[in-house]
2 protein chains.
Amino acid sequence: MTQDTPAPTGLMPWELPRFRNWIAVARAHQIVERTLNARLAPHGVRIAHHDILANIYRFAGLTQNELAQRLLVGRSNLSMLLPELEKRGLIERRSDAADKRVRRLWLTEAGRALTEQTLAVQAGVVTDMMTILSDAECQALGDYMRRITAGMAQWAEPDRV
Amino acid sequence: MTQDTPAPTGLMPWELPRFRNWIAVARAHQIVERTLNARLAPHGVRIAHHDILANIYRFAGLTQNELAQRLLVGRSNLSMLLPELEKRGLIERRSDAADKRVRRLWLTEAGRALTEQTLAVQAGVVTDMMTILSDAECQALGDYMRRITAGMAQWAEPDRV
DNA sequence: CATAATTAGTTCAATCTTGAACAAATCACA
DNA sequence: TGTGATTTGTTCAAGATTGAACTAATTATG
């Protein structure tokens with residue numbers, strides 16, 4: 001019953017190699033995100049939480065604004081999420097002595113422990129899925145994507161609020 | 001002020017090549033999605049809408065359920081979105097004569113015209129960003145991602161509702 | 001055939017995410 | 001200094017997304 005609409009004139013977008021190949025990226029990413037979310041759920045954490053925790057784990061003492069830029073989300077998003085993580089005793093927000101506007105972020109002991117678990121989950125998902133690529137292929141993949149990201153950066157899209 | 005937490009024992013996850021390289025994929029994808037959304041906005045459409053329209057464009061007459069599986073979203077999601085697109089006169093939902101549960105999806109003339117525009121926008125974003133890769137690299141990228149997707153498929157994550 | 005199991009789609013309430021408007025603190029610089 | 005521009009974080013309301021529960025239609029099976 002379902003039928004492809006015949007190409008009116010030239011190639012349809014999904015027939016263009018660059019298009020097709022990017023769609024493959026989007027699909028794989030979507031599936032991995034869903035998988036990660038599912039495996040994170042038993043730990044009482046969503047990807048958004050994990051991303052926050054992992055960044056504080058790695059860059060202890062960063063500000064909310066730095067975190068927002070790093071995650072490519074709006075500051076308001078963090079203003080909604082961080083109090084929740086704070087209430088759960090996973091993070092602390094200490095205001096900066098030098099600049100009273102700023103709130104710097106730190107993990108509690110419990111937060112650090114949880115983050116180590118969720119990082120392990122994420123690493124598990126990623127290595128599971130990437131085993132299908134050889135080391136060289138995996139490296140090439142990373143190089144391609146970093147070049148694309150760098151290229152887009154010049155292209156300069158609207159800043160997050 | 002911000003400081004890396006020193007590795008307690010072995011490598012931290014973000015130092016593992018496979019992990020690092022996948023993060024690059026996630027980042028690039030995130031940036032491209034944002035760019036696409038921004039460029040779609042002037043057409044009064046978000047990615048979610050465009051994805052729906054583009055799939056109906058390509059697979060005219062598919063059912064809501066088929067569409068949901070294709071987009072990897074829940075059926076309820078479409079039950080919220082489709083009436084909106086219908087009200088805007090972009091799509092039609094005709095119930096199937098053979099199976100009265102099913103509603104098949106078709107584009108109106110206006111919907112087809114809009115979809116051709118948004119497909120062009122998407123193709124523009126994708127080719128813009130992919131020009132930094134050679135044809136061969138682009139092809140390799142697609143191959144890698146399709147292999148990953150196929151690998152995950154066996155791995156069989158929880159079905160959408 | 002009758003009844004149970006399955007499937008397609010909807011509704012609803014709970015969450016998530018976002019941008020605009022805002023307050024406070026800092027900075028630029030005349 | 002003083003005044004205007006910028007930056008940081010928050011609030012709030014609107015929109016988007018999700019899963020669970022539900023109805024109606026179809027299929028499987030005894």
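Letters A, B, ... mirror the listed sequences (proteins, then strands); counts begin at 1. What you see is a predicted model; the values in this text were computed from it and never measured.
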Query raised in the report: Can you check whether A/His50 reaches A/Leu53 side chain to side chain, under 4.5 Å on heavy atoms?
Result: no
Query raised in the report: Rounded to the nearest Å, what distance is computed from the CD1 atom of residue B/Ile47 to the C1' atom of nucleotide D/dG15?
Result: 16 Å
Report summary line: Separation of D/dT17 atom P from B/Ile52 atom CD1, nearest Å, is 9 Å
Requested in this report: Provide, to the nearest angstrom, the distance between the CG atom belonging to A/Leu81 and the P atom belonging to C/dT18.
Outcome: 10 Å
Query - Spacing of B/Glu66 atom CD relative to C/dA8 atom P, expressed in whole Å - result: 9 Å
Requested in this report: Flag the pair B/Glu137 / A/Asp143 as yes when at least one side-chain heavy-atom distance between them is below 4.5 Å, and no otherwise.
Outcome: no
Requested in this report: Whole angstrom is fine here: how far is it from CG in B/Leu78 over to C1' in C/dA8?
Outcome: 12 Å
Report summary line: Looking only at C/dT11, D/dT10, C/dT18, the nucleotide nearest the B/Ser76 side chain is C/dT11
Report task. Select from A/Met80 and A/Val102 the residue whose nearest nucleotide in DNA chain D is closer to the 5' end of that strand. Result -> A/Val102
Requested in this report: Would you mind telling me which residue lines up with the more 5' stretch of DNA chain C, B/Asn77 or A/Asn77, judged by nearest nucleotide?
Outcome: B/Asn77
**Report entry** Spacing between B/Gln64 atom CD and C/dT10 atom P, to the nearest angstrom
**Finding:** 4 Å
**Report entry** Donor-acceptor pair, side chain of B/Arg70 and main chain of B/Asn55, under 3.5 angstrom
**Finding:** no
Requested in this report: Answer yes or no: is there a donor N or O on one side and an acceptor on the other, between the side chain of B/Asn21 and the main chain of A/Leu141, under 3.5 Å?
Outcome: no
Query raised in the report: Does A/Arg34 have a side-chain nitrogen or oxygen under 4.0 Å from the phosphate oxygens OP1 or OP2 of D/dT18?
Result: yes
Query - Atom-to-atom span, CD of A/Gln69 to C1' of D/dT8 - whole angstrom - result: 11 Å
**Report entry** Separation of atom CD in B/Glu33 from atom C1' in C/dT17, rounded to whole Å
**Finding:** 15 Å
Query raised in the report: Looking only at side-chain N and O atoms, does A/Arg93 come under 4.0 Å of OP1 or OP2 in D/dT10?
Result: yes
Requested in this report: Check every atom of D/dT8, D/dT17, D/dT11 against the side chain of A/Asn65 and return the nucleotide holding the closest atom.
Outcome: D/dT8
Query raised in the report: Which part of the nucleic acid, if any, lies within contact of B/Asp99, taking any heavy atom under 4.0 Å across all strands shown: a base, the sugar-phosphate backbone alone, or nothing?
Result: sugar-phosphate
Requested in this report: Kindly say whether, by distance alone, the side chain of A/Arg75 makes a donor-acceptor pair under 3.5 Å with the base of D/dG9?
Outcome: yes
Query raised in the report: Taking for each residue the nucleotide of DNA chain C bearing the nearest heavy atom, is the 5' side occupied by A/Ala98 or by A/His49?
Result: A/His49
Query raised in the report: Is any side-chain nitrogen or oxygen of A/Arg101 closer than 4.0 Å to OP1 or OP2 of D/dT10?
Result: no
Requested in this report: Using only side-chain N and O atoms of A/Arg46, determine if any of them is under 4.0 Å from OP1 or OP2 of D/dT18.
Outcome: no
**Report entry** Salt-bridge criterion met for B/Asp135 and A/Arg18 (N-O under 4.0 Å)
**Finding:** yes
